[in-house]
Amino acid sequence: MPGFPDDMPFFDEPAPPPRSGSSDRAPSGIAARAMAARQASAPDYLAGLNPEQRLAVETTEGPVLVLAGAGTGKTRVLTTRIAHILATGRAFPSQILAVTFTNKAAREMKQRVGMLVGEAVEGMPWLGTFHSIGVKMLRRHAELAGLKSGFTILDTDDVVRLIKQLIQAEGLDDKRWPARQFAMMIDGWKNKGLGPSEIPEGDARSFANGKGRQLYQAYQDRLKTLNACDFGDLLCHPIRIFRAYPDVLQEYHRRFKYILVDEYQDTNTAQYMWLRLLAQRPQGEGDWRSSAEGRKPDRASAGQAAPAEGQPPQAAMRPVSENRVNICCVGDDDQSIYGWRGAEVDNILRFDKDFPGATIIRLERNYRSTAHILGAASHLIAHNEGRLGKTLFTEKIEADDAKVHVHAAWDSEEEARAVGETIEQAQREKHNLNDMAILVRASFQMREFEDRFVTLGLNYRVIGGPRFYERQEIRDALAYFRVVAQGADDLAFERIVNVPKRGLGEAAIRQVHDTSRALRIPMLEAAEKLAESDELKPKPRAALREVAANFARWQAALDHTPHTELAETILEESGYTDMWKNDRSAEAPGRLENLKELIRSMEEYESLRSFLEHVALVMDAEQQENLDAVNIMTLHSAKGLEFETVFLPGWEEGLFPHQRSLDEGGRSGLEEERRLAYVGLTRAKKNLHIWFVSNRRIHGLWQSTIPSRFLDELPEAHVEVDEGGSSYGGYGSSYGGGSFASGRGGRQNPYGASRFDNLGAGGSGTGGAGGSTSGGGAFSNTYATPGWQRAQQNRTEATDRNWGSRSGHAVERIGYGETDSGYGAGRGSVKGRTIDGELVAKSVSATPSPFTVGDRVFHQKFGNGNVVAIDGNKLTIDFDKAGQKRVLDGFVQGG
DNA sequence: ACATGTGCCGTTTTT
DNA sequence: CGGCACATGT
């Protein structure tokens, strides 16, 4: 391997020269000096760190796991640690490998290290995301993976289109075997680092009549001929190269003296393997792998919150031993929320086994939230098993800190209304909207808030919406650029060959395709050839000739034309901009604007190629921060953020925890949901408002819902249940008086105790509704009792029916088996219609609804009305006050 | 080529 | 129910 171009450090601190030759570590003299210096007078970057943080920064040698709870200064530790390594001359910037998951995190880290150390970080070439570092490596050794260095990185859309072609080429039915699904399977395999020959037989057989493996192989072959790779390959190729070419791996071993990993709990198996390979020291395996067992995290399986007992005084600096790997992973097992996309919490749970003798440091001192919020979060997360155990605490406890508020609302509309009011109230008290966030479980929940805020005229911003690069016009433009940069990029070529319309229909494109396959040349070349031959009709032939000529010209200009200029030329000459200029639709001007923005953003890059790389890897678009607006986002995208006031709506069984997580993930699925709840709670600095509603529209039908079990897992001492209800108008009051206070209409939780069961959902304000029996009075510790346990079990079953998974058939909600608690109070009780898969699907048509057209009925949400139509168990009812709605018969009672 | 029709699906998302 | 992807018809 040629030497690395950026090998020469350009770090001009008073650092010692690099250790010559073999040693990978700093001479112990430096460490000693650093220690001495620390005792005398610590460098100012260490000032202000608490003892645990400082330990995490100064334990530079050997494997270290920093368990950093939410808001405990994780990023600070990471950046200070880098600064410390640099400042004490342990390594040059180019000798530190620092990996993050997101570009945002990488950017922030770069910036903060820069602030600590000065400009010298410019020279940290190996600080970046797993993927960006992966590409960097792969570009260097592309030929070892059968690629050329200029390879294209395909995005998900390209991948799906490609797979679809392959499925069709196999003569398979692409409806029966959806490309998207296979793309997901491949992604899953790559997350585990599995190549076509390594996937489990079962997986291989389960797709495409047992052709899964073959298809996967065909896909990889196709990528190779396209000189392209997908995201998974950015790690899988390097892994394979490291294994097959030890000399290459060794280069990296020599290079990286320190490895740092952010958000370790989110690593997947491939990332883990990649790290392991880089962290392994072949000659020194013996030392760190078999050394006497280090301290083990004995507080694992903390069923009960572990008290914040003082940390065992860990040695500030371990003796430097020859072959220990200086890898430092930072993460929080309690915030692992990406299991569904391949993250293995187990990686972090196993750390001390993978790296025996690892130092484990817990950061539990929280600087973000009030004691009430932390108390609630800690208590909730303590319900998880299999955690390393960690309890956040804070030292600043104010007497007037607010407890965590739990509110009930009648339905999601009222929920949005009430949250809106709380926000407006806060705004009147001079709080910034920027400091408030609504964190939802699923994005469909956002709409209701948006609608409400639009009518209120309240500014809001949605974080994590559709992205810039995903827009049609951007992707089209990029496709042009890709073909220019890499003529073999057939996917890009196909995308734009007839955009704008050039009269190249299906037939013509097929022809190009076939030629390309037959001659084994890229489609662009095939097009060129076809344009010369007379196999095509004159019209498409001329069109192809022009396209080919255009690309030839642009490609020729690539090296001697400024890339922004070239980009503009391409879009002009291809007729792409004209296409939108002539478009009369409402979006057209915006699209043109986006294209301008695209060109503008290219200026920051050296070349078209480096720009394309950036686009492939970086998806975030800048948000306008200057506007004061309420933030709306999913819980997932809230990780890592903090807000003064946080609203957590939708805490209902089925939505949160999400039914699908429960169905597919079982116990671990539930635990991940709980961690998600924990993430949500710990985003709040001062005020936290949790909401649940009694009625939510699911797939177009109103369903009654049950408070989330997570509510019951909050500690009474830190929670205040809002009994006031909000001002809710509508029909609520008209019937609030009675019916369901006694548990009618499905409001009652038939399997027992939840202290929220009778909390007046919106109606409590009006006296009887929801039962003033309820609220605070019913607030008791129900968890941990046998009854509660039982309830949990029943609850799962019942909510299954509530949210019904599609595989089972229709969304159902027909009584609760034996425990029929008064749904069908009036006529035709639905009792006993215990449903079960197949049977119900039939029963929908076979079993007529207990109601008939014209019946007078009562519904919890809409009040009284007349049945006007019946479709199986779905009733269309003309309500007196609410108009016409469709509801399930289980929700109404005969009037 | 564009328009309307049909069927399916419905959590979370980065790179 | 509503949005999207695909399919068929003019």
Side-chain angles (χ1 to χ4, degrees), chain A residues 99-106 128-135 153-157 159-161 164 174-175 178-181 184 187 190-191 229-236 263 266-268 270-271 336-343 439-447 463-467 469-470 498 500-506 613-620 633-640 650 654-665 669 672-673 675-677 679-680 696-703 803-807 811 871 874 876 884-888:
Chain A
V99 255
T100 63
F101 273 84
T102 63
N103 293 295
K104 195 173 156 216
T129 62
F130 276 100
H131 294 270
S132 67
I133 291 171
V135 200
I153 301 161
L154 302 183
D155 63 37
T156 326
D157 261 41
V159 169
V160 171
R161 275 188 299 147
K164 190 164 183 176
D174 64 318
K175 304 216 91 160
R180 197 157 278 288
Q181 191 191 330
M184 280 167 59
D187 199 52
K190 290 191 176 177
N191 283 159
C229 65
D230 61 23
F231 279 112
D233 286 339
L234 298 181
L235 284 173
C236 289
E263 305 278 20
D266 287 338
T267 49
N268 62 34
Q271 286 155 344
S336 162
I337 54 174
Y338 286 110
W340 52 273
R341 65 177 199 211
L439 312 182
V440 298
R441 173 65 242 261
S443 40
F444 74 81
Q445 293 173 264
M446 292 180 181
R447 228 193 66 193
I463 299 199
R467 308 209 178 119
Y469 86 105
E470 279 171 347
N498 198 32
K501 302 259 184 279
R502 302 183 171 97
L504 290 164
E506 205 184 334
E613 176 127 327
H614 163 84
V615 175
L617 294 174
V618 176
M619 349 279 271
D620 25 72
M633 69 193 90
T634 63
L635 286 161
H636 282 93
S637 40
K639 190 163 78 140
L655 177 58
F656 194 36
H658 200 282
Q659 191 56 49
R660 203 141 154 180
S661 300
L662 265 29
D663 289 346
E664 288 163 21
E672 183 156 310
E673 293 287 298
R675 291 193 290 267
L676 198 50
V679 166
R696 196 173 283 281
R697 227 165 78 156
I698 296 151
H699 305 331
L701 294 169
W702 282 99
Q703 302 216 189
W803 281 69
S805 33
R806 184 150 305 256
S807 51
V811 176
D871 170 20
K874 294 174 193 115
T876 303
Q884 229 176 58
K885 307 275 178 192
R886 269 162 64 90
V887 296
L888 288 178

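Quick note on labels: first sequence line is chain A, next is B, and so on, each numbered from 1. What you see is a predicted model; the values in this text were computed from it and never measured.
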_Going by salt bridge (charged side-chain N to carboxylate O under 4.0 Å, His left out), name the residues that satisfy it together with A:Glu672, two or more places apart in sequence or in a different chain._
A:Arg675
*Considering only side-chain heavy atoms of A:Ala442, which listed nucleotide, B:dT12, C:dC6, B:dT13, is closest?*
B:dT12
_Out of B:dT15, C:dC6, B:dT12, whichever nucleotide has its closest atom nearest the side chain of A:Lys175_ = C:dC6
Nucleotide N/O to protein N/O under 3.5 Å, stretch nucleotides 2-5 of chain C:
none

Check whether any side-chain heavy atom of [X] sits under 4.5 Å from a side-chain heavy atom of [Y], and report yes or no.
X	Y	result
A:Val440	A:Leu635	no
A:Leu676	A:Phe656	yes
A:Val135	A:Leu617	yes

*asked:* Please enumerate all residues that pass side-chain hydrogen bond (donor to acceptor under 3.5 Å, both in side chains) together with A:Thr100, with sequence neighbours excluded.
replied: none
*side-chain hydrogen bond (donor to acceptor under 3.5 Å, both in side chains) with A:Thr634: which residues, sequence neighbours excluded?*
A:Ser637
Expressed as a whole number of angstroms, how long is the span from [X]:[atom1] to [N]:[atom2]?
X	N	atom1	atom2	value
A:Ile463	B:dT12	CD1	P	16 Å
A:His699	C:dC1	NE2	P	14 Å
A:Met633	B:dT13	CE	C1'	15 Å
A:Gln181	B:dC8	CD	P	15 Å
A:Leu655	B:dT12	CG	C1'	11 Å
A:Met184	B:dT12	CE	P	13 Å
A:Arg660	B:dC9	CZ	P	10 Å
A:Leu701	B:dC9	CG	P	17 Å

*So A:His636 and A:Trp340, would you call those rings parallel, tilted or perpendicular, with 30° and 60° as cut-offs?*
perpendicular
*By side chain to side chain contact (heavy atoms under 4.5 Å, CB included), which residues pair with A:Asp187, not counting sequence neighbours?*
A:Asn191
*Identify whether a stacking contact exists between A:Trp340 and B:dT12, where the ring centres must be under 5.5 Å apart and the planes under 30° apart.*
yes
Filtered N/O pairs between nucleotides 1-5 of chain B and protein, under 3.5 Å:
none

*asked:* I'd like to know if A:Arg341 and A:Asp266 make a salt bridge, using a cut-off of under 4.0 Å between side-chain N and carboxylate O.
replied: no
*asked:* With a 4.0 Å limit, can you tell me whether A:Ser661 has a side-chain N or O closer than that to the phosphate oxygens OP1/OP2 of B:dT12?
replied: no
_Please report the distance separating the C1' of B:dT12 from the corresponding atom of C:dA5, rounded so that it comes out in whole Å._
22 Å
